[in-house]
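Here the structure is laid out as structure tokens; the discussion comes afterwards.
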Amino acid sequence: MTHDLVNQPEITANGFTRQWWKEAVVYQIYPRSFMDSNGDGMGDLNGIAGKLDYIKDLGVEIIWLSPHFDSPNADNGYDIRDYEKVMAEFGTMADFDALLAGVKARGMRLIIDLVVNHTSDEHRWFTESRRSKDNPYRDYYTWRRPAADGGPPNDWTSFFSQRAWTLDDATGEYYLHLFARKQPDLNWENPKVRDEVWQLMRFWLDKGVDGFRMDVIPLISKDQSFPNMPGSYLDKPSYYYANGPRMHKYIQEMHTKVLSHYDVMTVGEAVGTTLEQTALLVDERRNELNMVFQFDIVQLDRDSQGHWHSWKLPELKSIFSQHAAALDRHCWSTVFITNHDTPRSVSRYGDDDPAWRVRSAKVLQTMLLTQRGTPFIYQGDELGMTNFAFERVSQFDDIAVRNAWEGQLRAGRNDEASFVANLNKTSRDHSRTPMQWTEGTAGGFTTGSPWLAGNPNAGQINAAAALADPDSVYYYVRALIALRRAHPALIYGDYADLAPDDLRLFVYTRTLGDETLLIALNFSRDVVDFAVPGGKGEVLMASAATPVQVGQILSLPGWSAHIIRL
Ligand code: GLC
Ligand code: CA
């Protein structure tokens, strides 16, 4: 990777080791929804290959591809049937190789999704495993006898609102699945399972992929006595299932056996993980993961049942401050505000009213790209894409939604309007609607009929319009990425929140050596005044055209971002 920074010393002024994956910006692609090249309504690898220049021009250096493996798609590829095959809907292995070559030819890197807490129930290991109690693959999964009353072995629940155990008729035993019934959990206690995982990782690394995003990796180790869940965890089961007794041992083994032999990056999805536990996963002296996705920000507006509630800016700010305090120079973090499991950031933390959408998207992208940690941009956020206005349960694809609705009906509740109203704030399908490329039919995503309905606002919000408009979110993000690259303080700098209690402004500094940058974000429609510390500074970047005074008082226009060198 060619980079201004690489010739500088290995350790920054404040003690961080310099790494390419700390300095890069990542772009997440959900292949199903990115670009369809053959008119079948489903995104595919050739579709992505045709858009690499679009991504490269944004200034992104790493692409994360959500699962592209052979899968019956119970959970859109997060249920893998064959780890060494490409999902037929997405193309062939030759298409993957061509995509990887195209990424490398542009000086970018590619990381893929490692989904090894569970497989599909159609994976050969499982079809063998369920056959008989003495099948050689039996112990690849967790099987237990029914409880005395014939029910499941314990009271664990699955993330997709079912029991975590399903009875299998062939042998009269239950198998464990923390997600859907079609996603049986692998048994990491079995050394053969671990060896299989190391082998499939090497298969992709030897092809040249640059690392992994690791799906729900904290769940891989379970308490083998399988007790009932303690009452104190009933409203936060993920914290009970995560960080099990041998998790660190398994991740360290993965590091020794596989990761240490390659120059790659790893980012774990830290479901159910507290900040204290995060430090243990990412402290570079422990040889586990480079970084994790912490859930605090994307859970800011949820209660333990997944119901939406309102939030205030100081709560968001305190999450960043807590992270900065808990993670020292030996640790590294990530920043993300949208992924394939969340609603759209502009509808959630910004203001998606047409009058404010672009401006608030710029504020959010400024936050994303100037906070501590490697930033992950989710496809379409660089256009300020918004949530979809769902009206009926039948419009959703997500298995989590379908299972939850069935559960509601079983419980005799059938208030579809309030169920959908909550999903309009929380659903994962908001980020899965097709990417909006043009104002044409299906937003230019497909010439056929898209697998999930596109947002009707593609006429106004699309990549072609953004590329034609110098004031677009896309060009603003591009300028921000360039600014981040030019100012190591934005990457490695220490963090201080200057106004933690302010309800409308988020103002913080990043300091490295003798450079201090002030980032002033107005999270409201109001003009808000702010006194610049020291009374002077040079504006490096402003999202709003309105002139600002850089005397003592800065007048920050509604939903605006300013980056000022003090
Ligand atoms: C992760 C993925 C999510 C998936 C789940 C089960 O949370 O991000 O999309 O449903 O794991 O694999
Ligand atoms: Ca296709």
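A quick note: this is a predicted structure, and the numbers were derived from the prediction, not measured. Counting convention: from 1, in listed order, for ligands and their atoms alike.
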Report task. Rounded to the nearest 0.5 Å, what's the gap from OG on Ser304 to NZ on Lys236? Could you check? Result ->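 Result: 10.0 Å between the selected atoms.
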Query raised in the report: How many angstroms lie between atom NE2 of His340 and atom CD of Gln379, to the nearest 0.5 angstrom?
Result: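 Those atoms lie 10.5 Å apart.
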What protein heavy atom lies closest to [atom]? Include the residue and the distance to one decimal.
atom	answer
atom 7 (O) of ligand 1	Glu269 OE2, 2.8 Å
atom 10 (O) of ligand 1	Asp75 OD2, 2.5 Å
atom 2 (C) of ligand 1	Asp215 OD1, 3.0 Å
atom 9 (O) of ligand 1	Asp341 OD1, 2.7 Å

Contact atoms of ligand 1, heavy-atom distance to [X] under 4.0 Å:
X	answer
Arg432	9 (O)
Arg428	3 (C), 4 (C), 9 (O), 10 (O)
His118	6 (C), 12 (O)
Val216	1 (C), 7 (O), 11 (O)
Phe160	10 (O)

Any donor-acceptor pair under 3.5 Å linking the side chain of [X] with the backbone of [Y]?
X	Y	result
Ser33	Arg432	yes
Ser431	Asn339	yes
Glu269	Asp215	no

Report task. Mind checking how many protein N/O/S atoms fall short of 3.0 Å from the Ca ion (ligand 2)? Result ->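 Considering protein N, O and S only, the Ca ion (ligand 2) has 5 within range.
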Charged N to carboxylate O below 4.0 Å: is that the case for [X] and [Y]?
X	Y	answer
Lys182	Glu122	yes
Asp168	Arg130	yes
Asp75	Arg428	yes

Requested in this report: Decide ring-ring contact (aromatic ring centres under 6.0 Å, His included) for Phe376 and Phe293; before the verdict, give the C-alpha distance in whole Å, the side-chain angles of both, and the deciding distance to 0.1 Å.
Outcome: CA-CA 10 Å; Phe376 284 69; Phe293 296 122; 4.7 Å; yes
Query raised in the report: For Phe159, is the nearest heavy atom under 4.0 Å from an atom of ligand 1?
Result: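 No heavy atom of Phe159 comes that close to ligand 1.
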Requested in this report: Return yes when Met214 approaches ligand 1 closer than 4.0 angstrom through a heavy atom, no otherwise.
Outcome: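 Contact check Met214 vs ligand 1: negative.
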Requested in this report: Evaluate the ring planes of Tyr241 and Phe159, with Trp represented by its six-membered ring, and classify them as parallel (under 30°), tilted (30 to 60°) or perpendicular (over 60°).
Outcome: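 Perpendicular.
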Query raised in the report: Any idea which heavy atoms bring Arg392 and Val420 closest together, and the distance?
Result: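 Closest approach of Arg392 to Val420: C-CG2, 3.9 Å.
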